[in-house]
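We name chains A, B, ... by the order of the sequence lines, and we start the count at 1 in each one.
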Amino acid sequence: MNSVPLSQQASARPPSGGETGLPGYLKGLNAEQRAAVEATDGPVLVLAGAGTGKTRVLTTRLAHILATGRANPWEILSVTFTNKAAREMKERVGAIIGEAVEGLPWLGTFHSIAAQILRRHAELVGLKPSFTILDTDDQLRLIKQILQAEGIDDKRWTPRHLASLIDGWKNRGIRPEKLGEEDRWTFADGKADVLYRLYQERLKVLNACDFGDLLLHNLTIFTENADVLALYHRRFRYLLVDEYQDTNVCQYLWLRLLARGSGNVCCVGDDDQSIYGWRGAEVDNILRFETDFPGATVIRLERNYRSTGHILGAASGLIRSNRSRLGKTLWTEDDPGEKVQVRGLWDGDAEARFVADEIEAFVRSGNQHNDIAILVRASWQMRAFEDRFIMLGLPYKVIGGPRFFERAEVRDAHAYMRLVRSAEDDLAFERIVNVPKRGIGETSVQKIAAAARSAGVSMSEMAGLMVQTDEIRGKARTALQVFLRDVERWRAQADTMRHDELAEIILDESGYTAMWREDKSPQAAGRLDNLKELIRSMGGFDTLEAYLEHVSLVADLDQASDGDEVSLMTLHAAKGLEFPLVFLPGWEETVFPSQRSLDEGGTASLEEERRLAYVGITRARERAIISFTANRMIFGRWQSVLPSRFIDELPPEHAEAKSETGYYDAGPGFAGVSEPADPFRSAYDSPGWKRFKAAQESGARRDPGVIEGKAKLIESGDNGAGGFKRGDRVFHLKFGYGRILVADGAKLTVAFDKAGEKKVVSSFVEKA
DNA sequence: CATCGATAACTTTTT
DNA sequence: GTTATCGATG
């Protein structure tokens, strides 16, 4: 997923070892790394700082246990957080051992392993082994239905809110009956426990569970069935946990139960890189490790093989402001390199221009776009960069972003398949009875739902009954008849046909593909491509079940990682990656640290923001460039903003403010530049200055008169190269259809139907 | 029952 | 600035 070529991924570059008589895989590890590999028995905590060769230690350790015959591949439980990490580990262990690692059946993410276990013992928690795993979307719709059924105002108490509460409880291992008195009152005037229970009951009826249930059900099974737990105690002789700082309470309890068997549990992590507190991760888990597992060996990896001295110095200085941490001191033998740069800009557009200019200069001096990443706090910040890059024709890719399996068209297609596979799947039924529009409206669906629920049968079944009565009339009735008959037919075909072929037929015959083909919106083409991609990726699985399991546990499809492109992503998505040049824009109070972290959560959440900053800086190998602006458009409104406190916390000896324009020199107190009068601040606050800068900086963009003036001038020069000329209709992947206003060589000014007037490079559009 | 327009609510971060 | 939702109209 989203990967950068291997050469760019975290990789230790230890000194070449001169040891002889050692197994090859141990050579080249430094003393601490080797200790971490060889401490196989008992509880071990490896505190692996950024860039200290964590993945290498983990994979070598696994290889070591196998190579020394301490355990068979199926006796090792290795858990990671992301599928990417799991995949990488499989690959690297395979490379060391030199054979296929299909034999590591218990290497995977927490969720995929929990799902595996749950499928084997589903009956113990009242599910059938074929249970479906709901995604957030299904979950929300289910909760909404429950709220409506209970007569709760779903505006005042949003499904989203309840979903996040339930999620939080599950993360902490709390089942409905154990919900505390005070938690009850967190939602709908004391009804929280009732709603939580109803939700769980409804899941059971649907033979489904949500993400949090995967682990929570495991916990229930283990605590209530000693024999089952004993089975896994016997099975797992070694436990290996990656990114331990990201575990939540439920995952921690799960691990503790399993570790009670062999006692050989090795957790690798970095408390300074704990950035998932908002979804239940407990830094405490790693901070408490030594008390939780008495007699634990703790090994610190502090030698960094990734970044220059200044980058490490800046990052270390920053993270020192955090109070709750175990404390590590990263060091390197590399050059100090160049200081971390800090740049102040006027607004977001200026920042994007600055970054793009720096990128072009960097590439001109012989570097690759692939060597560069821009890391932002939140995805809305990406827009300014994308706009600029599109205009310049600068190649870039967004890592993370909207995910394939969560796209509406993909989920619709899945719903069709789910319904064909199982008539019981009410959520799937509801989702697509009327997609594409068949004339079966809200009222009909509600009628079916109500009747089905009171009769205790599935909606499909109830619909089948109702078309034979006068319950539903007219257009809706015939449409429903046709729909049910179609589903029946597909279901009959399912036995004799490959599942990907069938999927194609379903999408065709249901009119779903046609719906998008007739859609003229800019995204329609992309959606059709996604459907094609979906069919293609289904082909890679033996059964429909295997495919559906995959999509519910894997967040994304592998992105083709070819092409020389700048990477644009959030700080969260950047964890584990590294780049020679890293841009860290948007370092302003309320943006980073985010408003939310300032409003709620107190010190803990501010410290998490700081860790995020730390993660950002430590992604850089050679250069890190931090920037902030004086004005930022937030919610479509211009606000003047202050430089982030994190900038003040950078040690002056490792960071420097660079300024060319002269209107900004240094942030308040930054870099030891003491400016008692603080001219910068006062200048910024002066309205006159603002008006002046606003006029000067952004006149061209914000004043339509200027643009038109320029446009007219060039227009008279008429057509440009590339076969595009004024008046041509064009299509752009992001902006949709539009008409060319100005063609100036490869630079086009296009009035897009939806997106408005944009400047783009001709290679980004095609004739419509 | 569907379509269009207005309005309100909103943005972290994701297995 | 956008996207989801709601209400009035065809």
Point to revise | Residue mapping more 5' on DNA chain B - nearest nucleotide basis, A:K475 or A:L553 | key: A:K475

Check your understanding: Can you find a side chain N or O atom of A:T570 that sits less than 4.0 Å from OP1 or OP2 on B:dT14?
Key -> yes

Revision key, fill the gap. Taken to the nearest whole Å, OH/A:Y252 to P/B:dT15 is 25 Å

**Study point:** Among B:dT13, C:dG1, B:dT3, the one nearest A:K437 by side-chain distance
**Key:** B:dT3

Point to revise | For A:F385, all residues meeting ring-ring contact (aromatic ring centres under 6.0 Å, His included), sequence neighbours excluded | key: none

Revision key, fill the gap. Closest to the side chain of A:A378, out of B:dT15, B:dT11, B:dT13, is B:dT13

Practice item. Figure out the CG/C1' separation between A:D242 and B:dT15, and round it to whole Å. Key: 14 Å

Point to revise | Per A:R279 side chain, nearest of listed nucleotides B:dT11, B:dT15, B:dT13 | key: B:dT15

Exercise for review: Could you tell me which residues satisfy side chain to side chain contact (heavy atoms under 4.5 Å, CB included) with A:V249, sequence neighbours excluded, listed by chain and number?
Suggested key: A:R172, A:L253, A:E282

Check your understanding: Is the phosphate of B:dC10, meaning OP1 or OP2, less than 4.0 Å from a side-chain N or O of A:R160?
Key -> no

Between N or O atoms, less than 3.5 Å apart, protein on one side and nucleotides 5-9 of chain C on the other: list the pairs.
from, atom 1, to, atom 2, distance (Å)
C:dC6, OP1, A:K155, NZ, 3.4

**Study point:** Partners passing side chain to side chain contact (heavy atoms under 4.5 Å, CB included) against A:A149 (at least two apart in sequence or in another chain)
**Key:** A:R453

Study note, to complete from the structure: A:H161 atom NE2 is separated from B:dA9 atom P, nearest whole Å, by 16 Å

Check your understanding: How many Å lie between CZ on A:F635 and C1' on C:dG1, as a whole number?
Key -> 11 Å

Point to revise | DNA chain B: 5'-proximal contact among A:G441 and A:S597 (nearest heavy atom) | key: A:G441

**Study point:** Euclidean distance, atom CD1 of residue A:I113 to atom C1' of B:dT15 [Å, nearest integer]
**Key:** 13 Å

Review point. Considering only B:dT11, B:dT13, B:dT15, which nucleotide approaches the side chain of A:H572 most closely?
Key: B:dT13

Check your understanding: Over how many whole Å does the gap from A:W380 atom CH2 to C:dT3 atom P extend?
Key -> 16 Å

Practice item. Figure out the CE/P separation between A:M382 and B:dT11, and round it to whole Å. Key: 17 Å

Review point. By side chain to side chain contact (heavy atoms under 4.5 Å, CB included), which residues pair with A:T136, not counting sequence neighbours?
Key: A:Q139

Point to revise | A:Y276 ring center near A:W278 ring center (under 6.0 Å) | key: yes

Check your understanding: Within this structure, what is the CG-to-P distance between A:N434 and B:dT3, rounded to whole angstrom?
Key -> 10 Å

Review point. When all nucleic acid strands are considered with a 4.0 Å heavy-atom cut-off, which category describes A:S444: base, sugar-phosphate, or nothing?
Key: sugar-phosphate

Check your understanding: Is the side chain of A:S594 donor-acceptor paired with the backbone N or O of A:T590 at a distance under 3.5 Å, no angle test?
Key -> no

Practice item. Any pair with a residue in residues 240-251 of chain A that passes salt bridge (charged side-chain N to carboxylate O under 4.0 Å, His left out), sequence neighbours left out, goes on the list, sorted by first then second residue, please. Key: A:K54-A:D242, A:K54-A:E243, A:E243-A:K575, A:D246-A:K575

